[in-house]
Each structure stands twice: as structure tokens, then as C-alpha cells.
Amino acid sequence: MPLNRIRMSLIFLILTPLLAISFRCSGKPGNENSSKATVMLGASVGPPYLDEQEYSDTLKKYFRILVPENHMKWEFTEPAEGGFDFTGSDKIVSFAQLNSKAVRGHVLLWHMQLPAWVKSKTYSELEAVLQNHINTVVGHFRGKISAWDVANEVITSQEGDDGSGMPGLRHRGKAPENADYSVWAEDSTDDSLIIKAFEFAHAADPDAKLFINDNNAYDGSEIVYAGWNKKQSDILYDHVKKWKDAGVPVHGIGMQLHLDEEFPPDYTMIENDIIRYGALGLEVHFTEIDVRIKEPVTEEKLQNQAVIYGKLAELAGKHSHIVTAFVTWGVSDKYSWIPLFFTSYDSGLLFDKNYNAKPAYIRISEILGL
Ligand code: G3I
């Protein structure tokens, strides 16, 4: 073997275990399964389901990262101003610690699932509100959360209103019922509170990795074919690069990847994003994967779904020095947001309603060595 290849192999052998443990866990990762994978499989979870034996057994056996699907959002953690409630989130974090799983925190700045009292604040009042919230929430879980989704879905899918024709940040200039409305920015270029959110989170837990999570880092919906998606992902990239260059403590990009079995995503676009974020020194987490199926669910559609999951796993495996987490948005099809939000769609996850592994799980476990 040429000397260079021997050197590369040695570097790989040394770095691989380091990467695996760089995702901070409360103990040894995944001690219930025999996984040696460097890309860690995770799932979003809900506190009540943890009491269900088959649910918690599946979680313990197959997943190494837990993400509260809703219970770290403002409406749960600070339903009244200054009145913090960690009932649901503590339950998830305790379960994770007991079972040596990592936790991704989700989410500190988002325009949705905000209590009415936050929406009633003026822009100038919000910095103090945000600081107190992040100090308290991130501080409460300090040392127990590997990575936080600090900001979520801040880029709109629509043309911005700065005259450039490019999308911008969701902001207050829109009507509150508009999907592009957000209390967290004054206009489509105002990222000052987003930057503050990263700084507050870093101050509250300097060891947690801080992510910006977005459905438009890559969005698999049909919008991609209208040419919007590329612009959205470019706008996100430009912001992140600017923050990184300015020393803002941003450590990673969350690509949500809510997909549809009928419309396979543009894998080249995803890979290009992985590469360009990696070049900025950022980690990439696949954060909210699901591949919904239009009913009736057939064997053929399940196989198509497995192909999409498999391609994502191949990308993660190929770039495992950048992509360190492969998180599905739910554990099993028994509890999923999909049928509630997409009429006549279901079955987007790796395990079926009886917790049987689907073709998609078999496929990714082979590819990632789970
Ligand atoms: O908490 C109330 C409860 O009191 C009430 O009884 C019940 C009646 O429907 O509703 C409960 O609120 C629900 C909430 O989840 C908490 O369970 C809402 O109706 C429901 O709309 C809400 O949906 C969540 C959605 O975010 C809100 O936008 C989904 O479960 C959750 O999967 C979804 O997750 C988001 C990510 O955070 C960000 N990326 C997109 C992703 C999918 O939309």
C-alpha cells in the first residue's frame, strides 16, 4: 500500500472513534445495542409514550439520540412569563441519562409554538425575554444536552421584501397570520436576535454544540422544482457563513428532511450543502427525517421509501466526518405528526405501528452499520 494511503488509513482509524464520542453523551452511547456506527441514529420523542413498553424498548434498542418533539418549545417550557415548566422535558432527559442516550435540544428561537405573552411583546422588549428564557432553559439542562437547535426555520420560502427577489428572514413586517411572520426580526435582513440567541446559549452551556435547523437547508417538497429551494439554501448559507466569519458560536446545520415517497429529493443538492457547510468547519445533522407515503401504503411504496432513506444514509456515511446524526421525526408510525398535518398521508418512519422494522430501517442499518 502506498505510504500516503497507509497514513490516511491510520488517521481514519484514530479519528473515527473520536468523532463518535465527540457527540457528548451522558454515558457510553447506545449501550443497549451493538452499534459501531459513527453516524448516530436518533428520534424525536414525546414524554407520555416513554411509559409504553414497546415504545421505550424500541427507543432503547435502536436509537442513540433523543429529541423532544415538542416539550422544549416555549409553549411548554415557559407558558407564562417567568413561569418555567420542565415536567415533560425533564422526563425525556432523565430517560436519556438512565439509558445512556444523547439529547438534542429543540428549540430556542422559532416563530411557532410561542405562548401568547411572547407574541404580545414589542421588538425592543424581546432581547431581555429571549436572554432570560435561554439562560434558564439551557442552564437547567447544562451538561446534559449534546446539541441545541438554537434557531429554527428562520428563512422564509417566499420572496423577501428587500427588492432582491431572494427570500429573507421571517419577520414582524408581515401580518401575524402570515406564514412568514416572526416576532424575532424587524425586517427580512435583521438577524440580530438570532445572533444573540447563539451567544446566550453558548454562555449558558459552553460545551453544547449550537445548530441552526432548517427545512430549507434542503427542502424535499415540490417547491424545489420551482427553483425556490436553491435560493433558500443559499440565503441560509450566506447568513451562516457571515455568522461564522464574525465569530458567532454556531457549530452546525440541521437539515430537517421531511420528504415525500413520490418526490425523491435532489441528492446532489443535499451533498453540495453537506460539503460546503463542512468546508466552513460545521457539523451537519439530519434532524427531522421522515418520508411520508400517500395512502394506501403498498409494498412498492415502502420499497421506494427505503430507497430514499438509503440514499440519505449513503450520503451520511460517505460524509461521516461532517454528518454525525441521522434523526427521524418520531420513533414509529404509531405516533407521528404526518397524518395530523397531511391528509391521506402516513407511514413516514423506520418502524411500523406495531414497532416492526420496515424495509427502510433494514436498508439504513446495512449502510450505516447500525
Ligand atoms: O399541547 C396541545 C394540547 O394541550 C392539546 O390538547 C392538543 C390538541 O390537539 O394540542 C396540543 O398541541 C399540539 C402540539 O403539537 C403539542 O403536542 C398541537 O396541536 C400540534 O399542532 C403540535 O404539532 C407539532 C408541530 O411541530 C407544531 O408546529 C408537531 O407535534 C411536531 O411534530 C412539529 O414539529 C416541527 C418541528 O418542531 C420543526 N420542524 C417542522 C416539524 C413538523 O412540523
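All residue numbers in this chain count up from 1 along the given sequence.
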* Cation-pi check, Arg292 to Phe342: give yes when NZ or CZ is under 6.0 Å from the six-membered ring centre and within 45° of the ring axis, no otherwise. => yes
* Kindly confirm or rule out a cation-pi arrangement of Arg170 over Tyr181, judged by NZ or CZ under 6.0 Å from the six-membered ring centre and within 45° of its axis? => no
* To do: Take Lys241 and Asp234 through the salt bridge (charged side-chain N to carboxylate O under 4.0 Å, His left out) test and state the conclusion after the steps.
  => CA-CA 10 Å; Lys241 182 170 183 334; Asp234 286 347; over 6 Å; no
Less than 4.0 Å between a side-chain N and a carboxylate O, is that true for [Y] and [X]?
| X | Y | result |
| --- | --- | --- |
| Asp190 | Arg172 | no |
| Lys209 | Glu283 | yes |
| Lys242 | Asp191 | yes |

Any idea how [X] and [Y] line up, ring-wise: parallel (<30°), tilted (30 to 60°), or perpendicular (>60°)?
| X | Y | result |
| --- | --- | --- |
| Phe351 | Tyr62 | tilted |
| Tyr355 | Tyr55 | perpendicular |
| Trp117 | Trp74 | tilted |

Show the atom names and distances, to 0.1 Å, of all donor-acceptor pairs under 3.5 Å that link a side chain in residues 129-138 to residues at least two apart or in another chain.
from, atom 1, to, atom 2, distance (Å)
His133, ND1, Glu78, OE1, 2.7
Thr136, OG1, Asn132, O, 2.6

State plainly whether one hydrophobic cluster holds both [X] and [Y], where clusters connect Ile, Leu, Val, Met, Phe, Trp and Tyr through side-chain heavy atoms under 4.5 angstrom apart.
| X | Y | value |
| --- | --- | --- |
| Ile367 | Ile308 | no |
| Leu193 | Trp110 | no |
| Leu302 | Ile364 | no |
| Trp148 | Ile92 | yes |
| Ile274 | Leu280 | yes |

Under 3.5 Å, is there a donor on one side chain and an acceptor on the other for [X] and [Y]?
| X | Y | result |
| --- | --- | --- |
| Ser192 | Tyr123 | yes |
| Ser94 | Gln97 | no |
| Lys73 | Asn70 | yes |
| Glu75 | Gln113 | yes |

* Could you walk me through whether Asp346 and Lys294 pass the side-chain contact (heavy atoms from CB on, under 4.5 Å) check? -> CA-CA 7 Å; Asp346 204 350; Lys294 190 164 190 160; over 6 Å; no
Looking only at heavy atoms, which two atoms of [X] and [Y] are closest? And how far apart?
| X | Y | answer |
| --- | --- | --- |
| Pro359 | Glu299 | CG-OE2, 4.2 Å |
| Ala147 | Ile145 | O-CG2, 3.2 Å |
| Leu350 | Tyr361 | O-CB, 3.6 Å |
| His171 | Leu169 | CD2-O, 3.1 Å |
| Ala325 | Ile65 | CB-CD1, 3.6 Å |
| Ile155 | Gln232 | CG2-O, 4.2 Å |

* Compute the centroid of each ring, for Phe211 and then for His251, and state whether the two points are separated by less than 6.0 Å. => no
* Any donor and acceptor pair, going by atom type alone, linking the side chain of Lys196 with main-chain N or O of Glu127 inside 3.5 Å? -> no
* Verify, without hydrogens or angle tests, whether Asn152 (side chain) and His106 (backbone) share a donor-acceptor contact under 3.5 angstrom. => no
* Can you list every salt bridge (Lys or Arg N to Asp or Glu O under 4.0 Å) pair that touches residues 315-340, not counting sequence neighbours? -> Glu52-Lys334, Glu271-Lys318, Asp333-Lys358
* Sequence neighbours excluded, every pair satisfying salt bridge (Lys or Arg N to Asp or Glu O under 4.0 Å) that has a member inside residues 84-93 -> Asp51-Lys91
* **Derivation of the salt bridge (charged side-chain N to carboxylate O under 4.0 Å, His left out) call for Lys61 and Asp57** => CA-CA 6 Å; Lys61 185 168 177 192; Asp57 285 349; over 6 Å; no
* Test Glu288 against every option in Asn213, Asn215, Thr328 by the side chain to side chain donor-acceptor pair (under 3.5 Å) rule and name the one that passes. => Asn213
* To do: I would like to know whether Asn354 and Glu54 meet side-chain hydrogen bond (donor to acceptor under 3.5 Å, both in side chains); could you show each step before the answer?
  => CA-CA 8 Å; Asn354 297 312; Glu54 282 184 295; over 6 Å; no
* Asked: Going through the distances and angles, do His140 and Phe84 end up as a ring pair (Phe, Tyr, Trp, His ring centres under 6.0 Å)?
  -> CA-CA 10 Å; His140 179 81; Phe84 289 88; 9.1 Å; no
* To do: Step by step, work out the side-chain contact (heavy atoms from CB on, under 4.5 Å) result for Leu312 and Ile270.
  => CA-CA 9 Å; Leu312 295 178; Ile270 299 175; 3.9 Å; yes
* For side-chain hydrogen bond (donor to acceptor under 3.5 Å, both in side chains), just list the numbers for His258 and Asp290, CA-CA rounded to whole Å, side-chain angles, deciding distance to a tenth of an Å, and then say yes or no. => CA-CA 5 Å; His258 294 290; Asp290 45 36; 2.9 Å; yes
* Let me know which of Phe86, Tyr49, Phe76 forms a ring-ring contact (aromatic ring centres under 6.0 Å, His included) with His71. => Phe76
